[in-house]
Amino acid sequence: MSKDSDSSNQMDKIVALCKRKGFIFQNSEIYGGQNGFWDYGPLGVELKRNVREAWWQDMVNMHDPLDAPQGAPTAFQMVGVDTSIIMHPQVWKCSGHYDLFVDKMVDCKQCKSRFRADHLRFKLMVNEIGEPLLAWGYMPGSDDYDWPSSGDKKLQKAAGDAATDDISDVTLDQLTEMPGSVHPHCPNPACRGELTDPRDFNLMFKTIVGALGTEDDAAFLRPETAQGIFVNFKNVVDSSRVKVPFGVAQIGKSFRNEITPRNFTFRSREFEQMEIEFFCHPDSSQQWYQYWRDRRFAWYTSLGIGSERLTLRDHDADELSHYSVGTADIEYQFPFMAEGEFGELEGIAHRGDFDLRSHMEGKLMAKDGKLEVQLDEHGQPKWRGSGKDLTYFDDQAKERFTPHVIEPSAGADRATLAFICEAYYEDEQPDDKGNMQSRTVMRFHPRLAPIKVAVLPLIKKAGMPEKAKELFRSLKSAGIAAQYDEQSAIGRRYRRQDEIGTPWCITIDGQTVDEDNTVTLRDRDTLEQVRLPMEEVVNEISNRLRSQ
RNA sequence: GCGGGUGUAGCUCAGUGGUAGAGCACCACGUUGCCAACGUGGCUGUCGAGGGUUCGACUCCCUUCACCCGCUCCA
């Protein structure tokens, strides 16, 4: 599957434009950069703010809680929270992130089992000069993987004649440091396949809380914003008069040590999420899942993402998390991806009651198709929950239940990148002599465009700058992001605005000053101009922004 | 993590051991006045970083960082 070179050239151009025009810079660039981290420049910050605000407006502020929106099973409420990045370490143990995200892991190449490296020990045989020959793993105290009574004999037989009679007992670290090369083998007595080298799975950023903090005070930067909502479920219910079904929205930074940060901002180690946890009755959760799936897809198309480059993909059964009843990804065909491949913008997951129950009872795991508290070797919960009651009482139906959760989880940076890629466009337009010239234009949806309108005096004299500044100030007073530009020829100024995606340019000319106080309004995409009275400009732009 | 490529002015790039360049952009002045104008003048550089070889390094060698491409990985 070879990558289309046109599309990868296109991505290079987009990255170059982002830098040149101040959308996105590499983080710490003057020091050589920091892999996986990116900064937003003066235009980028406006664009990303607009993405966030469009999401918050559409999901929370403009939501009508009184009647069922189109496609929704019933009416529902939407509220927001803003929770902190560092949370109690137990949160991540119950959420399941800790087990999967923190430790060095080894995989068996043969039986595909995965083990925590620090849980394994090895019985080792060496030759006369102390070089390791064969190492079989085991897990002390484990039901399945402890060292079997027949282990020594079998190991000696497998190691062959070159081995001495001594069997030593080492950790994986000790084994790795020994001279020569020996591959550790699987602790499963029925397998004994070769293990991979230990690989870091420190996918959560670790930090220390407290100035004198020790390893005991380790905490983590959140790998998702969702847990801040779950742990506040009871607070929100008790304080805001919401009734199930309702959603809680949050926008915030999350952190993951991606193994391979790549593709511009697509896979960043610090990124921003826009998440909703929607709490509903178990009986209606499938309908709500469908509703959010469709609604979130429509959100992207309503802001200008072409549906031919956007897909809604349902996860296969083997792709689903152990607790998820259903998950769909909204994916966009980024220019850096191979033909036919898509990158995830948002996942809509039906999480059942996994999260609330985990924070009540302790970390859950699937057993025989049911979620049960995961136990340690002593039969105690492996990771203890809060013990707090996070069930919900419906006082109309007189029913107590644990709500099910639908989670539409979007990446703000990925959405921003998709809007940038989608907006990038090259066309040909005539210059002043009628010759066709190539033009680069960012065709942002007006709601997302960093600058909504540019005010341009046709020439830098004859009273035009004064008029233009007057109009510029009234636009700014109305809260409309505007730019004033009197520098260089008018055609060049139009092209400058095209390149940063400004949807409209207002030009003040001789007619404005000498005759009737009308100005021209030029459209970025069609290049058409209409004339309107200067005093109507603020209203006209406001109306256009509202209606688009 | 492995392999390949790239890194020089704000941007795109040329320069391969001997005084760092071009185009565009930007700024000033003049002329023109609705879609990348023209003229004149001007500004801009830790040559990604560190070390080495050399009388002398953008150039050769080593190390390192970042980005791109292909594998690998991706809760």
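Proteins come first, then strands; the chains are lettered A, B, ... in the order of their sequence lines, and each starts at number 1.
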Taking only the C1' atom of each, what is the distance from B:rU46 to B:rA57 in whole angstrom?
15 Å
Against the side chain of A:A489, the closest entry in B:rC34, B:rC67, B:rA37 is B:rA37
Lys/Arg N to Asp/Glu carboxylate O, A:R293 vs A:D314, below 4.0 Å
yes
As a test of understanding, state which of A:L475, A:V537, A:I451 forms a side chain to side chain contact (heavy atoms under 4.5 Å, CB included) with A:I480.
A:L475
Counting only side-chain N and O atoms of A:N27, is one of them less than 4.0 Å from OP1 or OP2 of B:rA66?
no
Distances under 3.5 Å between protein N/O atoms and the N/O atoms of nucleotides 21-27 of chain B, please, pair by pair.
{"unit_1": "B:rA25", "atom_1": "OP1", "unit_2": "A:R492", "atom_2": "NH1", "d": "2.6"}
{"unit_1": "B:rA25", "atom_1": "OP1", "unit_2": "A:R492", "atom_2": "NH2", "d": "2.9"}
{"unit_1": "B:rC26", "atom_1": "OP1", "unit_2": "A:R496", "atom_2": "NH1", "d": "2.3"}

Identify whether any heavy atom of A:Q26 sits under 4.0 Å from a base atom; if not, whether one sits that close to sugar-phosphate; answer base, sugar-phosphate or nothing.
sugar-phosphate
Does A:A219 have any side-chain contact (heavy atoms from CB on, under 4.5 Å) partners at least two apart in sequence or in another chain, and if so, which?
A:I86, A:T207, A:V209
For the C1' atoms, the ones on B:rG39 and on B:rU32, what distance do you get once it is rounded to whole angstrom?
12 Å
Assess whether atom CZ of A:R384 is packed by more than 12 heavy atoms of other residues, nucleotides or ligands within 6.0 Å.
no
Inter- and intrachain pairs under side-chain hydrogen bond (donor to acceptor under 3.5 Å, both in side chains), touching residues 409-425 of chain A, at least two apart
A:Y40-A:D413, A:K48-A:D413, A:E275-A:S409, A:R309-A:E422, A:Y332-A:E422, A:Y424-A:E426
C1' atoms of B:rA9 and B:rC27, separation to the nearest Å:
15 Å
Counterpart residues, side-chain hydrogen bond (donor to acceptor under 3.5 Å, both in side chains), relative to A:R269 (two or more places apart):
none
Those stems involving RNA chain B that have three or more consecutive Watson-Crick or G-U pairs, both distances under 3.5 Å, are B:1-7 with B:65-71, B:10-13 with B:21-24, B:26-31 with B:37-42, B:48-52 with B:60-64
What integer number of Å spans the C1' atoms of B:rC73 and B:rU59?
38 Å
Please determine whether a side-chain nitrogen or oxygen atom of A:N35 lies at a distance below 4.0 Å from atom OP1 or OP2 of B:rC65.
no
Can you pull every protein N or O that's under 3.5 Å from an N or O on nucleotides 2-12 of chain B?
{"unit_1": "B:rC11", "atom_1": "OP1", "unit_2": "A:K19", "atom_2": "NZ", "d": "2.5"}

Taking only residues two or more places apart in sequence, or in another chain, which ones meet A:F279 in a ring pair (Phe, Tyr, Trp, His ring centres under 6.0 Å)?
A:F233, A:F246
For a quick check, tell me whether the side chain of A:R522 and the base of B:rC35 share a donor-acceptor pair closer than 3.5 Å.
yes
So what does A:D509 hit on the nucleic acid, given a heavy-atom distance under 4.0 Å: a base, only sugar-phosphate, or nothing?
base
What's A:I490 touching, base or sugar-phosphate or nothing? Going by heavy atoms closer than 4.0 Å.
sugar-phosphate
All side-chain contact (heavy atoms from CB on, under 4.5 Å) counterparts of A:V231, not counting sequence neighbours:
A:M87, A:V91, A:H359
Please enumerate all residues that pass side-chain hydrogen bond (donor to acceptor under 3.5 Å, both in side chains) together with A:R531, with sequence neighbours excluded.
A:D509, A:Q511, A:T518
List for me each residue that meets ring pair (Phe, Tyr, Trp, His ring centres under 6.0 Å) alongside A:H404, sequence neighbours excluded, and say none if there are none.
A:H350
Under the rule for ring pair (Phe, Tyr, Trp, His ring centres under 6.0 Å), what residues qualify as partners of A:W292, not counting sequence neighbours?
A:F76, A:F278
Quick note, salt bridge (Lys or Arg N to Asp or Glu O under 4.0 Å) partners involving residues 35-47 of chain A, not counting sequence neighbours, are A:E46-A:R49
Atom pair distance, as rounded to whole Å: CD in A:E341 and P in B:rC69:
12 Å
Options B:rC69, B:rG33, B:rC68, nucleotide nearest the side-chain atoms of A:F336:
B:rC69
Between B:rA22 and B:rG50, how many Å separate the two C1' atoms, rounded to a whole number?
30 Å
Give one of base, sugar-phosphate or nothing for A:G36, where a contact means two heavy atoms less than 4.0 Å apart.
sugar-phosphate
